[in-house]
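The structure presented is a predicted model; accordingly, all values stated were derived computationally and were not measured. Letters go in sequence order (proteins before strands), and every chain restarts at 1.
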Protein chains: 2
Amino acid sequence: MEAQTSTEVAAARIREAILSGELLPGERLHQDRLADMLGISRTPLRAALTTLSQTGLVSYASNRGFYVREFSISEVSGAFAIRAELEAMACRLAATQITGKDSEYLLQLAAEGDRLLQPGALLPENLPAYRQMNVSFHTTIMTLSGNPWITTLVENLQNVPIASDRVIVWRDYDVIKRSHDDHHRIARALSNRQAERAASIMREHITFAHEHLQAQLALNPQDFLRVPVAEKPMKIRSGSLKNRRKTS
Amino acid sequence: MEAQTSTEVAAARIREAILSGELLPGERLHQDRLADMLGISRTPLRAALTTLSQTGLVSYASNRGFYVREFSISEVSGAFAIRAELEAMACRLAATQITGKDSEYLLQLAAEGDRLLQPGALLPENLPAYRQMNVSFHTTIMTLSGNPWITTLVENLQNVPIASDRVIVWRDYDVIKRSHDDHHRIARALSNRQAERAASIMREHITFAHEHLQAQLALNPQDFLRVPVAEKPMKIRSGSLKNRRKTS
DNA sequence: CAAATTCAAAATGTATCCAAAAATTGATTT
DNA sequence: AAATCAATTTTTGGATACATTTTGAATTTG
């Protein structure tokens, strides 16, 4: 088990709390209270908040403290647009230098997706696995691009709550099926070193995901208020992050 | 004059020290020493280092401290490649929504460049002004794109020491002249809403800058060991950041 | 003699305390 | 009654003290 400093734990915990909607956009992050809730002192808490403020999840004003950052619709859209461009670029680069082993891995991920979609629907119990497969597929390609900045920058963009590829609208089977078919085509195009083709499919893949998400957001906003992301609960003490006060 | 917290001052000071080469890549950043050098305690210093580690200038390992981050050649190249792509994208987006006033400003910046290059060379005393004009030109276009992420992400890439657009190889007049001619063409293309044309020129503009910089780096590496960036010296106490020890 | 081990010194991580700034409250004035 | 201002409270920023981890050199052991 690797050693984790309480700053890192706090940062991860707060990050999850924000992405999951436990802490709402615009909400003030009182240092005393938060530190108390997490059971740590203000020093590591402030370090964690400083980290998060640089990654963009938290905003900060000197002498006024930290807030959960608010994202405008245009920022969310913008994040998708850049992701589409960067991941298309990743495809272009990856296609020129992909090895047989790499293609095999991508095709394997696609096959795993097939398996998870076999029932003719994305079952709730298969959602985490599918999500994991999806993340792996995208990050693998970005890694294969050979340009580490793509991974880094896209990671930044994932911090925009709704634009995260951890969000999957899993109710609409047809859309998922088609999206997964994109994965197959991308994997094949990369295997065949069809750079521009892979890039095009990827661009459309992400652009459509954006469009679809926006449509869903307009229809069922409540589904996105609390995005289910908690893979590993990462519990520090017991109880929720909110509604805890000093006991002394 | 706006209030600045000592954390912010320290971050700015260390940032400059790294970009200017005063602190060398890979160098260990001892907290006690650095704090002492800057005349502050470790608390704000650590906050500053945390900030810098998130922006990518400083690397960090838990319980092992902070280091000046080392960049591989491939990372520097990668940063340029992404910049080329993102700024080309900015051109594409800006072209569709540019106003007369915006074009006028870009053309004005180009005209200022003409004025600075009038002598038939980029004189050392004109270098800061030219650099400023160059930065303004690029950031203006990114702002006009309407996608704030472009500016944010490119700013991240600027933290890669050599890939910063504050670096201008000002000795080679022909190259600068041609590069500045690109600016004119980009400004005109944007004014005429020629999106793809503007994007193409911008991509080549940055790609060539990279190529030229690499060639220069191979020829005269010493020119890049200490990149002259200090516009505002930002002196905290007197003396250099290095070679100071506790006096007690 | 080399590798492993131990233990002290040094450096990092965290808690607590103090100072400075901002927010709030209440009184006062218009 | 609304606005203004001063005093109080709250909250943030920074310094110091303490705890934990790492490091490195001396010592031991095979």
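- At a cut-off of 3.5 Å, with distance as the only test, a side-chain donor of B:S62 or A:E8 sits close to an acceptor on the other residue.
- Here C:dA11 presents its C1' atom at 10 Å from OH of B:Y67, a figure rounded to the nearest Å.
- One atom, CZ of A:R64, and another, P of D:dG13, lie 11 Å apart when rounded to the nearest Å.
- Here C:dT14 presents its C1' atom at 15 Å from CD of A:Q31, a figure rounded to the nearest Å.
- Here the P atom of nucleotide D:dG14 and the CG atom of B:D36 are 17 Å apart, to the nearest Å.
- With salt bridges taken as basic N to acidic carboxylate O contacts below 4.0 Å, none links B:E87 and B:R92.
- At the phosphate of C:dT14, OP1 or OP2 sits under 4.0 Å from a side-chain N or O atom of A:T7.
- Below 30°, between 30° and 60°, or above 60°: for A:H205 and A:H138 the angle between ring planes is below 30°, a parallel geometry.
- A straight line from CG of B:D32 to C1' of C:dA10 spans 9 Å, rounded to a whole angstrom.
- Summarising the geometry, the separation between CG on B:N63 and P on D:dA19 is reported as 17 Å, rounded to the nearest angstrom.
- Partners of B:A88 by side-chain contact (heavy atoms from CB on, under 4.5 Å), not counting sequence neighbours, listed by chain and number: B:A199, B:R203.
- Among C:dT14, D:dG14, D:dT21, the nucleotide with an atom closest to any side-chain atom of A:T5 is C:dT14.
- A donor and an acceptor atom, one from each side chain of A:N159 and A:R69, are nowhere located under 3.5 Å apart.
- D:dT12 atom C1' lies 8 Å from atom OH of A:Y60, rounded to whole Å.
- For A:R42, the salt bridge (Lys or Arg N to Asp or Glu O under 4.0 Å) criterion is met by no residue, not counting sequence neighbours.
- Going from atom CD1 of B:I40 over to atom P of D:dG14 covers 8 Å, rounded to whole Å.
- The stretch residues 41-51 of chain B comes close to DNA chain C through B:R42, B:R46, each having a heavy atom under 4.0 Å from the strand.
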